[in-house]
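Just below is one structure, and these are the notes that go with it.
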Amino acid sequence: DTAVSQTPKYLVTQMGNDKSIKCEQNLGHDTMYWYKQDSKKFLKIMFSYNNKELIINETVPNRFSPKSPDKAHLNLHINSLELGDSAVYFCASRNAGGRHEQFFGPGTRLTVL
Amino acid sequence: SQQGEEDPQALSIQEGENATMNCSYKTSINNLQWYRQNSGRGLVHLILIRSNEREKHSGRLRVTLDTSKKSSSLLITASRAADTASYFCATDTLFLGGANNLFFGTGTRLTVIP
């Protein structure tokens, strides 16, 4: 029944490692997003994908790369993790032709040691 | 930055009282949305107000929008302990390709004391 799901929920890793966070939505939406929420709860958009094409790429390091194997999935790959990458990452989706609200996943708390 | 700002940053009230949160933003918008975030959870959409609307109601929620001042307010009436959460405003701007981009405010942490 979960509309937008993310795995894992928690991710603890060492600096320099490469990791991925997966996101899936079963709402039939055609646009998906990745957000980063820092320790002060500041929420900033990182990427959006519409019909498998990257539409918006905010000023994030190129160590971050979104990968969309199909319309229902938008995974986030992070290379050479740094301490400052520690945050909660949220996936969201939206139907571009419908209502403007976005549906958020439960978040993935990434801790880089 | 297109990020909005909210005030107050934190608000503590007694159950039954009304809570008002304000949001200011910087750019032209298609609409403005309010979201709620419970601790450790994702954001949940509450209400949307279009740029040509001035006020909107949904249950115990009332949202106002003043595009001339680039500001919005969220009023929660007859608050309940279960309303305790962080509340974020988000401005919706249209980019090429149709992928509406949400820019979130800094959030207001609401605590409703039973």
Toward chain A, the part of B:Leu43 with a non-hydrogen atom under 4.5 Å: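 Its backbone and side chain both get close to chain A.
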
Per the side chain to side chain contact (heavy atoms under 4.5 Å, CB included) rule, which among B:Leu102, B:Asn30, B:Asn31 passes with A:His100?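 Of the listed options, the one satisfying the test is B:Asn31.
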
Around A:Asp70, counting heavy atoms of other residues, nucleotides and ligands shown, do more than 12 lie under 6.0 Å from its CG?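 Yes - once you tally the heavy atoms of other residues, nucleotides and ligands closer than 6.0 Å, there are more than 12.
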
For B:Gln9, is the CD atom crowded, meaning more than 12 foreign heavy atoms sit under 6.0 Å from it?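 No, not enclosed.
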
Starting from [Y], can I reach [X] by hopping between I/L/V/M/F/W/Y residues whose side chains sit under 4.5 Å apart?
{"X": "A:Leu76", "Y": "A:Met15", "result": "yes"}
{"X": "A:Phe47", "Y": "A:Leu110", "result": "yes"}
{"X": "A:Tyr10", "Y": "A:Val112", "result": "no"}
{"X": "A:Tyr89", "Y": "A:Leu83", "result": "yes"}

Nearest 0.5 Å, what's the CZ-CZ distance between B:Arg41 and A:Phe90?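 Atom-to-atom, B:Arg41:CZ and A:Phe90:CZ are 11.0 Å apart.
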
Between atom CG of B:Leu48 and atom CD of A:Gln102, what is the distance when rounded to the nearest 0.5 Å?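 Result: 11.0 Å between the selected atoms.
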
B:Tyr35: partners by ring-ring contact (aromatic ring centres under 6.0 Å, His included), with sequence neighbours left out: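 Result, ring-ring contact (aromatic ring centres under 6.0 Å, His included) vs B:Tyr35: A:Phe104, B:His45, B:Phe104.
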
At a heavy-atom distance under 4.5 Å, which candidate from A:Arg109, A:Lys40, A:Gln37 has the highest pair count against chain B?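 Looking at each of A:Arg109, A:Lys40, A:Gln37 in turn, A:Gln37 comes out on top.
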
Best-contacting candidate, B:Gly42, B:Gly40, B:Ala90, against chain A by heavy atom pairs under 4.5 angstrom: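 The candidate making the most pairs under 4.5 Å is B:Gly42.
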
Tell me the closest heavy-atom pair linking B:Gln33 and A:Glu101, and the distance in Å.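 That closest heavy-atom pairing would be OE1-CA, 3.6 Å.
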
How far apart are the closest heavy atoms of B:Phe88 and A:Lys41, and which atoms are they?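 Distance-wise, the nearest heavy atoms are CE2-O, 3.4 Å.
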
By a 4.5 Å heavy-atom criterion (distance strictly below it), what part of A:Gln6 contacts chain B: side chain, backbone, both, or neither?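 Contact with chain B is absent: no heavy atom of A:Gln6 under 4.5 Å.
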
